[in-house]
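Chain A is the first sequence line, chain B the second, and so forth, proteins listed ahead of strands; every chain is numbered from 1. Side chains included, hydrogens not; waters and symmetry mates left out as well; all remaining heavy atoms used.
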Amino acid sequence: MKLTLKIWRQKGPKDKGQFVDYPVNDVNPEMSMLECLDVLNETLIERGEEPVAFEHDCREGICGSCGFMINGVAHGPMPATTVCQLTMRHFKDGQELVIEPWRASAFPEIKDLIVDRRSFDRIIASGGYVSVSTGNAPDGNTILVGKEIADRAMDAAACIGCGACVAACPNASAALFTGAKIAHLSVLPQGEVERDHRAINMVAQMNTESFGGCTNIGECTGACPKEIPLEVIATMNRDFIRGSWKHRDNEVKTITPMTEWSTGSKLKIDPHATS
Amino acid sequence: MSTTAVNLPKSGKASFWGSTNGKKVVMAVTGSILFLFVIGHLAGNLQIFEGPAKLNAYGHFLHSIGELLWPVRIVLIISVLLHITATVQLALLKKKARPVRYSRKEAIKSSYASRTMYWSGPIVLAFVIFHLLQFTAGYIHPESQFIEGDVYHNVVAGFSVWWVSVWYIFSICLLGLHLRHGLWSMFQSVGFNHPRHTPILKGAAAIIAVLIVLGYISIPISVLLGIVK
Ligand code: SF4
Ligand code: FES
């Protein structure tokens with residue numbers, strides 16, 4: 001299989017960046033999209049050029065590291081598939097693939113296809129947890145959860161935090177992600193305790209980051225590799241309204257967005273050092 | 001991850017109105033008020049098919065209940081203003097949230113209506129202003145004289161001008177598009193979504209939007225065809 005990959009190349013956050021065409025002649029239809037980039041990178045390295053930087057980890061669609069736009073669709077044309085799971089047989093011989101990173105101010109560009117998704121981490125840190133008493137593990141089945149509720153929680157918990165929803169959203173809103181993170185806890189009895197504060201804090205964090213606002217368009221679910229339903233956004237809205245209404249104090253906790261990379265040390269550390 | 005946790009005062013982005021979610025709730029509530037108006041207005045207008053006496057009497061009746069007319073108008077004006085303010089703020093946010101555009105972007109799941117809300121809204125607003133100037137204030141009344149109180153005459157004379165009718169029909173179609181998304185979207189904004197009920201809601205929204213469009217455009221079409229004269 002022969003393909004032309006039109007890839008966004010950008011040296012760093014400050015670089016302007018541009019598309020570069022790369023013909024790849026020996027694409028095996030059984031390869032995944034990331035393996036195709038691996039093949040391209042090997043030839044680039046052989047030629048002494050800089051390989052294309054992209055994020056990946058599990059390569060089995062469960063970690064949420066990978067992701068970019070292929071021909072204007074987040075994670076490419078197959079529904080419910082991350083780019084690491086997308087096999088090349090879905091493309092036609094001789095096709096041109098436009099490969100672009102997620103574009104959103106809340107996801108600043110780092111390099112080539114890698115963007116900084118720490119805004120998602122901060123949303124989770126501001127409320128995506130349940131507080132449990134420490135000590136021995138609780139006995140099994142002390143809290144009974146019905147199958148329907150468990151399924152709903154599980155469906156929302158399937159979110160891998162890849163960012164495709166933000167990338168696909170015309171508003172660049174993080175509503176589907178935040179909704180999933182709120183819903184998978186708040187429908188369970190364990191999450192009930194902190195339900196109001198969780199919604200208020202996580203929504204506040206989402207709105208402090210530079211995401212747009214959700215206008216119920218629904219592109220996000222179409223792009224989501226885990227098919228998270230729009231229902232989670234309604235759950236977030238309901239919890240937020242309920243929380244805002246019932247809330248008795250004025251406390252909202254958010255985390256200041258950080259866009260610079262920090263080594264966490266005052267010492268001058270060479271970022272290019274190998275160890 | 002080096003970050004600092006801060007306590008935000010419950011104002012600004014952490015407040016209800018400051019949050020994008022809160023704005024959408026306001027848009028849902030004001031939108032539903034405006035939807036009720038659209039229904040009521042249609043019911044009133046369709047009386048044109050019952051002849052001049054009936055429609056003019058209805059017009060007089062509305063003016064005779066002045067104490068009630070103004071509170072309703074004020075609620076409508078406030079709703080319009082809030083609806084627009086929230087829209088403008090969300091639109092500005094949208095612009096800021098993606099400064100670098102995609103070189104290529106495909107829509108795969110969303111409806112045309114939902115993606116064009118930022119267009120259908122302002123055009124309908126421009127139409128409403130034109131419409132008020134024409135039929136309420138009587139400032140714009142091309143090719144005929146506006147007669148205060150003779151609603152029937154004003155409507156027939158107004159719609160006899162072809163471009164007035166075309167502009168009306170076009171705007172009403174956009175209103176229909178706006179409602180097709182808005183009518184189910186408002187439930188989502190206030191936190192109602194159900195795997196069994198939401199599809200029904202979406203279907204109902206489409207049917208209601210079509211009925212409203214047909215109801216409204218039947219008037220200029222009847223005037224142009226000479227059925228109402
Ligand atoms: S909701 Fe879906 S698209 Fe969004 S981050 Fe989670 S898995 Fe990715
Ligand atoms: S690499 Fe883990 S989801 Fe793709």
**Exercise: do A/Thr4 and A/Asp21 side chains pair donor with acceptor under 3.5 Å** = no

**Message:** For A/Gln10 and A/Lys16, which I'm curious about, is there any donor-acceptor pair between the side chains at under 3.5 Å?
**Reply:** no

**Message:** Could you check, using the six-membered ring where one of them is a Trp, whether B/Phe159 and B/Phe135 have ring centers closer than 6.0 angstrom?
**Reply:** yes

**Asked** Does the ring centre of B/Tyr168 sit less than 6.0 Å away from the ring centre of B/His131?
**Response** yes

Look at [options] and state which one has the largest set of heavy-atom pairs under 4.5 Å with chain B.
options	value
A/Arg238, A/Glu100, A/Lys6	A/Glu100
A/Ala167, A/Ser173, A/Ser210	A/Ala167
A/Ile233, A/Asn216, A/Val98, A/Ile217	A/Asn216
A/Ala223, A/Ala168, A/Ala175	A/Ala168
A/Glu231, A/Arg103, A/Met69	A/Arg103

Engaged part of [X] at the chain A interface, taking heavy atoms whose separation is under 4.5 Å:
X	result
B/Phe187	neither
B/Lys24	side chain
B/Thr198	neither

At a heavy-atom separation under 4.5 Å, does [X] approach chain B through its side chain, its backbone, both, or neither?
X	result
A/Pro101	backbone
A/Thr215	both
A/Cys220	neither
A/Phe19	side chain

**Request:** Return the orientation label for the B/His197 and B/Phe192 ring planes: parallel under 30°, perpendicular over 60°, tilted otherwise.
**Result:** parallel

**Mutual orientation of the aromatic rings belonging to A/Phe107 and A/Phe120 [parallel < 30°, tilted 30-60°, perpendicular > 60°]** = perpendicular

**Request:** Would you please test A/Leu230 and B/Asn193 for side-chain contact (heavy atoms from CB on, under 4.5 Å) and show each step?
**Result:** CA-CA 8 Å; A/Leu230 273 194; B/Asn193 186 317; 4.0 Å; yes

**Fill in**
Note: vs chain A, highest number of non-hydrogen pairs under 4.5 angstrom among B/Leu93, B/Ile108, B/Val25, B/Val190 is B/Ile108

**Request:** Applying side-chain contact (heavy atoms from CB on, under 4.5 Å), run through A/Asn207 and B/Asn21 and close with a yes or a no.
**Result:** CA-CA 9 Å; A/Asn207 285 314; B/Asn21 313 52; 3.4 Å; yes

**Message:** Regarding A/Arg198 and A/Asp239, does a basic nitrogen lie under 4.0 Å from an acidic carboxylate oxygen?
**Reply:** no

